[in-house]
Enquirer: 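Just dropping this structure here.
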Amino acid sequence: MAPRKLKEGVFSVGAIDWDRRLFDSLIPLPLGTSYNAYLIQGENRTALLDTVEPALIKDLFANLDELGVKKIDYVVSHHAEQDHSGSIPAVLERFPGARVVTNQKCADLLASHLRVPAAACDIIADGAVLDLGGKSLQFTFAPWVHWPETMFSFAREDKILFTCDFFGSHFATGTLYADDEHHVYLSAKRYYAEIMMPFRGKYPAYLQKVEAMAPEIIAPSHGPIYRRPQFILDAYKDWTSDKVKNEALVAYVSMHGSTKLMVDRLVDRLVAHGVNVKQFDLATIDIGELAMALVDAATLVLATPTVLNGPHPAAVYAAYLAGVIKPKLRHAVLIGSQAWGGKTVDTLKGLLAGLKLEMFDPLMTRGLPTAGDLAAVDKLAETIQARHAALA
Ligand code: FEO
């Protein structure tokens, strides 16, 4: 993708990864992604803000060539992860005088992960300003907007805030700006759920800092750029708030149909009671969809048959994922089936224990659910509805 101008002397020079379908061997990318890098040309100095995934370095270099860039003075590294900093060694080789401008933690990670020598780095403090001549960058440390070393930089004269992973979306598009807010919202929410949600508690303070800067543009390092920053700020305020919605996430896997009968009955009753249900078959799900649904849900229903002596592995994965991405769930219940016994409930409870949820009594059938089992499911639906009503 050719370089694109944001403002006079400010260009998007990164790469679009249209075909990538898995990130970190973990996260599905149904819409691909991008690795946004930015070039800022001051009167005296030129800065490159982040680089790209090494596999696409040719795209970054082609953009710099197209702009006629012969010298880079600074490579600002907001985050040491390889999708943004992995090409720093190649950039330093091509532009030998360039200095890597970053914080100490990031320099340490660049050294251990990418063998960027400490001698190539200029260490900046929180709040420091880098003068480019007529343009300047001010740095704000923002640990855990993905890793502990992450930071933002603010182009003060142009009022552009560069946030790296924060506010990003895995969304490959030839459109520079996030003007199609409906589609960008969904990609940004998925990204938040998968990458950012574990550190949710830190973000209200960061959002206040961002609003105080009053950026005209927020330029993340994945996905489109926001020229209406309030759109993504409002979305993050909602996602990071402590408020849950009247939603039950029903994640199930069924082998011979017994667990599915329980799920069908519960979903029917929940809907009848006015609870918004998001139902997913864990055998076929895109795990990002599950993560997205966990952003808002008040209750998790995890349904599984018993395999050998414990839960189906798909249910284990879902419980583990919920445990590590730390959603703001309030309640959970385990339902399912077993033939003769097992430790299904104990195993899943253990995986969810860190979330400190109210766990409703589990409902496990022996084979096909009986009329008594289904009556218990009806009761469970009433309990969930009552809890949700109390949250309103
Ligand atoms: Fe886009 Fe945490 O790297």
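Quick caveat, the model's predicted, so the values are computed rather than measured. We count ligands from 1, going down the list as the structure has it; atoms in each ligand are counted the same way.
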Enquirer: Are R94 and F61 in a cation-pi contact, defined as NZ or CZ under 6.0 Å from the six-membered ring centre and within 45° of the axis?
Expert: yes
Enquirer: If the threshold is 4.0 Å, N to carboxylate O, is there a salt bridge linking K278 and E289?
Expert: no
Enquirer: Pick from F199, F152, F167: which one makes a side-chain contact (heavy atoms from CB on, under 4.5 Å) with V145?
Expert: F152
Enquirer: Compute the ring centroids of H222 and H84, then answer whether they are less than 6.0 Å apart.
Expert: yes
Enquirer: Is NZ or CZ of R99 both nearer than 6.0 Å to the six-membered ring centre of Y74 and within 45° of the ring axis?
Expert: no
Enquirer: Just to be sure I understand the site: which N, O or S atoms from the protein are less than 2.8 Å away from atom 1 (Fe) of ligand 1?
Expert: D83 OD2, H84 NE2, D165 OD1, H222 NE2
Enquirer: Under 3.5 Å, which donor-acceptor pairs link side chains of residues 342-350 to any protein atom two or more places apart or in another chain?
Expert:
{"unit_1": "T344", "atom_1": "OG1", "unit_2": "T306", "atom_2": "OG1", "d": "2.8"}
{"unit_1": "T344", "atom_1": "OG1", "unit_2": "G310", "atom_2": "O", "d": "3.3"}
{"unit_1": "T347", "atom_1": "OG1", "unit_2": "K343", "atom_2": "O", "d": "2.8"}

